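The structure under discussion appears below in the form of structure tokens.
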Amino acid sequence: MSSAEKYDFKAIERKWQRRWSEWGLFRAVEDPSRPKFYYLDMFPYPSGELHMGHMRNYIIGDVIARYKHMLGYNVLHPMGYDAFGLPAENAAIQHGMHPRVWTEQCIQRMRRQFDMLGISFDWEREIRTCAPEYYRWNQWFFLKFYERGLAYRRPAPVNWCPTCETTLADEEAERGYCWRCSTPVEKRWLEQWFLRITAYAERLLRDLDLLEHWPERVKVMQRNWIGRSEGVEFDFELDGIGEKVRVFTTRIDTVYGVTFIVLAPEHPLVPKLIERSPRRSELHAAVQRMLSRSIEERSSEEVEKEGAFLDAYAIHPLTKEPVPVWVANYVLMEYGTGAIMAVPAHDQRDLEFARKYGLDVRVVIKPPGAELDPKQMERAYVEPGVMVNSAQFSGMDSERAKEAIADYMEQIGVGRRSVQYRLRDWLISRQRYWGTPIPIVYCDGCGIVPVPEEQLPVLLPPDVKITGKGGSPLSQVPEFVNTRCPRCNASAKRETDTMATFVDSSWYFLRFCDPHNDEAPFSSEAVDYWMPVDQYVGGIEHAVLHLLYARFFTKVLYDMGLVKTSEPFTRLFTQGMIYHESYYCRRCRTYRRPEEVKAERTDEGGRVVRCGVCEDEVEIGMDKMSKSKLNIVTPDYVCEQYGADTGRLFILFIGPPEQDAEWNPQGIEGVYRFLNRLWRLVNEHLSDYIPDWRDRLGEFKPSLDGAQRGLRRKLHQTIKKVTDDIEGFGFNTAIAALMELLNEVQSFASSMRPKGEPEGFADRVVLSEAMELMQVVLHPFAPHITDELWERLGKVGSVYQQRWCEADEEAAREEVQVIVVQVNGKVRDRLTVPVGTPEDELRKLALNCKGVQAHIAGRKIERVIVVPNRLVNIVVR
RNA sequence: GGGCGAGUGGCGGAAUUGGCAGACGCGCCGGACUUAGGAUCCGGUGGGCUAUGCCCGUGGGAGUUCGAGUCUCCCCUCGCCCACCA
């Protein structure tokens, strides 16, 4: 065999990337005559460079986008940068560099990586959220929200990250820690802007049911986050004080068991009640102690319940009995009404509190056929049961009593059914520079005045000293702050906070439809054509943040008549994260890069990794790739050593895409070998290729021999499998199937008969079909090598322009099959029979076959189970 | 505490959804070609045994079934989400 030309992936990849770009191959143009397919990846934050986690995301997307294009869809596959945000500002502080410059550098690096990977993005549609042409529409939407009462400013206790020196939305304060830097979050009281997402709570919840093609996990997370609960709201009169306390409960069936009520420490009535009390200084101190607890402490597990009696009594609205009023740390101001009715017999928290402070316990629900002793019980009885001590409701089933009591309270006018949500309004004010200025002016005379639409954008001033200290950087730029009131022209001051960057990403998918529009955020023609996004892919970490905000925005825009879809993303796929070892040196108090540590083998065969600087043993972690942990692996090395096509195959071959994976480059050789074998196969058989194999196949079909039919069978089975696997995100198994196919093509090619003989010619016809169609089905995965081989087969253009192949069902059909013969469920023999052999024939063959005889001899055959096309199981005793 | 998901060779992972467990690949072992092999090709590779065959084997235990990695129940381990939410 002649020594074939080497697989020079570098030259090949460069050549094809240049051509695709010259040809404008991936440009998307609206075309109502063709079905559209909008594929979207979550756009990256330009924090430096792409890592394997990004690569996984974008290669999945590229396979789907290319495949859909080859199926005949008009594909929109855009990319951009979520370019505002804190890291750019931090980098600016650290390196004395303007955030714009830093961001621009990151974008350039990432763009080079995208190009290197050969992804089919339409770069004509690139967007950057930090460009005035983009963020002016953030401001425009803000004004529209404001007009509709969906944006408002209020003083509020907010989550404050002391490290980032800015506020955080509830969604960003994960269990009391900042989502970016993990610093414990503090409470602060500030005037802040909010978007009224709670007005959409019900629709955001209800419409989750429409999202059939979203992972259940994400929907569950959103449901939990919205946290809807149904119950009853009613008031307790405070005895002799002339005030009322409103409470909310989901357990109105326990209302006759109320023995006290509890207010949150922040409840507005607490100071009033303390004022009236003879023990006011003592109570004041107690409440201060509760208030001083940080969110972190309050939300950590097993916080001791703490409270104080407020020297006041409330009148139970049904029994008219007085019950004591307490204040306690376990009641949250943010949820419900900030006050609860306490039923210690039927709520564990209330029971613990009652036991600690010696309060009454009153049983109103009994377990069926058992008694509860209010003095002895250690666990609250929270199951349904039989009502007792509950006036006219005694004896009733508690589940039914829930409805009956609610009806009764509504009838006599002391309460009403109500629904509570855990979801809070979305805090969007950030005391940072690198974001969209909030288009509001404060005028002494006119108050809060929105900037008129025609004055947009409110530009971010370029020269700002960013120190990371002292609140909003914009407040230190007099030229920005001092302005005129748009209404009365008096001197006025601008809002100096900027918007949370999640605003930017809440509608970017709409901008991609019409990215260069300078009259409007987008035209309705473009959006009506492309929306909704048919397939959205990104990380699970956005399950409640971005994905909830984007749904909210879409619904508001729908109500404004700007879009026709009320849900933006038809199908969602959340890919697993890529983990990699990180090395933390305690002594140096810093993470170390892999090249900064030394690994040693211990005598027991274990591994010790030492810091390259101080020689101390480092802590080995397994973390999601991130810049801060210095454990990033970029696609560059892989592309340099093996090429983009190998890298693409490998990142998909690593495992199922929805599963997390550890980065381990060991298997990369395998896919590299696969591409090399394909390269050699085609190049060594270029002279065997018969361009008109399709016509020739017609002639030869009736006379193909077993090996030839076998190869065609494998080929067409593989086409079917790869098609199904792409549809089902089974990229790893699709690649495995292509490897199997190549193995068979290779062995077929090596045993072909001489070209001059008729059989030899037929061999080449069959080989040609396989060589050609393999390029088509492999193309979405490895676009460069397939385009190169395509050209060497004498074709023009790119495989991307070809129609996806359809499997020839007839060729794919098996002729014979292996039937497993079991005795009592254990495999004893195998039968090779023609497909479709009738049941009784199989039974007969099975009972007579050699491997079975020894196992059935002298035993009674009880049953014979025949599963057509699969097996025969002989049951003996 | 509640909810969701996972656990398969030395490793990453397959398994037509109840029908041959371990596809494909890595690694390893042996061979061929070679001055050489870290290139390529061929063969082998779950464990055990009295070895052309038989037994065991998908975190552990029970169950349903002719038949269970797959279904049911209990338990263990890990991951994620929510969590003093009234």
Side-chain angles (χ1 to χ4, degrees), chain A residues 1 3-4 6 174-175 215-225 227-229 231 247-252 254 261-262 264 298-305 328-332 334-343 347-350 352-353 420-422 540-541 543-544 576-577 649-650 653-656 658-662 664-671 673-674 676-677 680 721 724 730 732-743 746-747 750 818-830 851 854 862-867 869-876:
Chain A
M1 212 166 278
S3 67
K6 205 174 156 279
E174 297 169 343
R175 300 160 185 264
E216 200 49 43
R217 186 157 70 119
V218 173
K219 292 196 275 186
V220 166
M221 283 164 73
Q222 293 211 356
R223 275 187 205 110
N224 284 343
W225 191 260
R228 181 185 200 274
S229 51
V247 299
F248 170 77
T249 182
T250 55
R251 291 296 309 274
I252 196 65
T254 65
I261 68 171
V262 191
R298 269 183 80 172
S299 58
S300 69
E301 268 179 75
E302 296 302 316
V303 172
E304 178 74 2
K305 289 184 178 43
N329 62 349
Y330 77 98
V331 175
L332 308 173
E334 298 84 47
Y335 187 76
T337 60
I340 61 160
M341 63 171 214
V343 187
D347 182 287
Q348 185 59 26
R349 297 155 299 176
D350 296 344
E352 284 167 25
F353 192 76
Q420 292 288 330
Y421 300 93
R422 209 193 71 102
I540 186 74
E541 65 272 22
V544 276
M577 291 192 272
L649 286 176
F650 182 61
F653 195 54
I654 223 163
E658 68 279 9
Q659 243 167 60
D660 291 343
E662 282 172 24
N664 175 1
Q666 281 210 334
I668 203 159
E669 293 285 346
V671 286
R673 273 176 215 152
F674 166 67
N676 271 287
R677 287 194 292 127
R680 280 197 304 274
K721 169 130 182 85
D724 294 346
N732 53 333
T733 47
I735 293 167
L738 288 162
M739 287 172 166
E740 283 186 57
L741 172 63
L742 179 62
N743 290 344
Q746 225 172 1
S747 76
S750 67
V818 176
I819 299 290
V820 170
V821 184
Q822 300 178 332
V823 177
N824 287 347
K826 292 207 161 90
V827 181
R828 298 302 180 188
D829 208 340
R830 290 178 175 81
E862 298 237 299
R863 276 172 82 176
V864 179
I865 288 141
V866 182
V867 183
N869 306 327
R870 249 179 252 296
L871 60 70
V872 179
N873 188 13
I874 302 162
V875 185
V876 297

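In what follows, chains are A, B, ... by sequence order, proteins preceding strands, each numbered from 1. If you're wondering where the values come from, they're calculated on a predicted model, not measured in any experiment.
Residue-level contact check: A/Ser229 touches the backbone only, with heavy atoms under 4.0 Å from sugar-phosphate atoms and none from bases. Residue contacts for A/Val875: at a heavy-atom cut-off of 4.0 Å it reaches the sugar-phosphate backbone alone, with no base atom in range. Within 4.0 Å (heavy atoms only), A/Asn824 reaches no atom of the nucleic acid at all. Within the 4.0 angstrom heavy-atom criterion, no nucleotide atom of any strand lies near A/Arg228. Across all strands shown, A/Ile865 has heavy atoms under 4.0 Å from base atoms, whether or not it also approaches the sugar-phosphate. Across all strands shown, A/Arg830 has heavy atoms under 4.0 Å from base atoms, whether or not it also approaches the sugar-phosphate. Residue contacts for A/Gln666: at a heavy-atom cut-off of 4.0 Å it reaches the sugar-phosphate backbone alone, with no base atom in range. At the heavy-atom level, A/Gln822 lies under 4.0 Å from base atoms of the strands shown. As judged by a 4.0 angstrom heavy-atom cut-off over every strand, A/Asn743 is placed among residues touching the sugar-phosphate backbone only.
Rounded to whole Å, the separation between the P atoms of B/rC24 and B/rC71 comes to 26 Å. Rounded to the nearest Å, the gap between the P atom of B/rC78 and that of B/rU45 is 36 Å. Comparing the C1' positions of B/rC26 and B/rC75 gives an interatomic distance of 35 Å, to the nearest angstrom. Atom P of B/rA39 sits at a distance of 16 Å from the matching atom of B/rG30, rounded to the whole Å. Across the C1' atoms, B/rG7 and B/rG48 are found 24 Å apart, a figure rounded to whole Å. For the C1' atoms, the distance linking B/rA68 with B/rC29 amounts to 34 Å, nearest Å. Here the separation of B/rC73 from B/rU64, taken at their C1' atoms, is 11 Å to the nearest Å. When the P atom is compared between B/rG57 and B/rG22, the two are found 16 Å apart, to the nearest whole Å.
Of the candidates B/rC80, B/rC84, B/rG3, B/rG3 carries the atom nearest the A/Val220 side chain, counting heavy atoms from C-beta on. Of all nucleotides listed (B/rA86, B/rC41, B/rC81), B/rA86 comes nearest to the side chain of A/Val331. Distances from the side chain of A/Arg677 to the nucleotides B/rC41, B/rC82, B/rC85 place B/rC41 closest. For A/Gln746, counting side-chain heavy atoms from C-beta on, the closest listed nucleotide (B/rC20, B/rC41, B/rC81) is B/rC41.
Checking A/Arg677 against A/Asn743 by side-chain atom types alone, a donor-acceptor pair falls below 3.5 Å. A donor-acceptor pair shorter than 3.5 Å cannot be found between the side chains of A/Gln420 and A/Arg228.
Between A/Asn676 atom CG and B/rG38 atom C1' the separation is 14 Å, expressed in whole Å. Summarising the geometry, the separation between CG on A/Asp660 and P on B/rG7 is reported as 13 Å, rounded to the nearest angstrom. Taking atom CE of A/Met739 as the reference point, atom P of B/rG12 lies 17 Å away to the nearest angstrom. The distance from atom CG of A/Leu738 to atom P of B/rA23 is 18 Å, rounded to the nearest whole Å. Going from atom CZ of A/Arg870 over to atom P of B/rG67 covers 18 Å, rounded to whole Å. A/Leu741 places its CG atom 15 Å from the C1' atom of B/rA23, with the value rounded to the nearest Å. What separates CD1 of A/Ile668 from P of B/rG13 is a distance of 16 Å, to the nearest Å. Atom CG of A/Asn664 is separated from atom C1' of B/rG27 by 11 Å (rounded to the nearest Å).
A distance of 11.0 Å separates CG of A/Leu332 from OG1 of A/Thr337, quoted to the nearest 0.5 Å.
Under the Watson-Crick or G-U wobble criterion, with both distances below 3.5 Å, B/rU64 has no partner in any strand shown. Under the Watson-Crick or G-U wobble criterion, with both distances below 3.5 Å, B/rC26 is paired with B/rG10. Across all strands shown, the partner of B/rC54 is B/rG48, judged by Watson-Crick or G-U wobble contacts whose two distances both fall under 3.5 Å. Shown here, B/rU35 forms no base pair; nothing in the strands shown gives a Watson-Crick or G-U wobble contact with both key distances under 3.5 Å. Searching all strands for a Watson-Crick or G-U wobble partner of B/rU17 with both distances below 3.5 Å returns nothing. Base pairing of B/rG1 is made with B/rC82, judged by Watson-Crick or G-U wobble geometry with both donor-acceptor distances under 3.5 Å.
If you find the closest nucleotide of RNA chain B to A/Arg828 and to A/Thr733, the one lying nearer the 5' end belongs to A/Thr733.
Between the side chain of A/Asn732 and the backbone N or O of A/Ile654, no donor-acceptor pair lies under 3.5 Å.
Contact annotation: A/Arg349 side-chain N/O to B/rG1 OP1/OP2 distance is not under 4.0 Å. Contact check, A/Arg673 against B/rG27: a side-chain N or O comes under 4.0 Å of OP1 or OP2. Listed pair A/Arg863 / B/rC66 meets the phosphate criterion, a side-chain N or O lying under 4.0 Å from OP1 or OP2. Regarding contacts with the backbone of B/rC81, every side-chain N or O of A/Arg223 stays at 4.0 angstrom or more from both OP1 and OP2. Close to B/rG19, at under 4.0 Å from its OP1 or OP2, lies no side-chain N or O of A/Asn873.
Contact record, A/Met341 with A/Thr249: CE-OG1, 3.5 Å, taken as the closest heavy-atom pair.
A salt bridge between A/Glu658 and A/Arg217 is absent, with no side-chain N of the basic residue lying under 4.0 Å from a carboxylate O of the acidic one.
Between A/Phe353 and A/Tyr330, the ring planes lie tilted relative to each other; the angle falls in the 30° to 60° range.
The glycosidic torsion of B/rG9 lies within 90° of 0, placing the base in the syn range.
Using a 4.5 Å heavy-atom threshold, the side chains of A/Val864 and A/Val866 count as touching.
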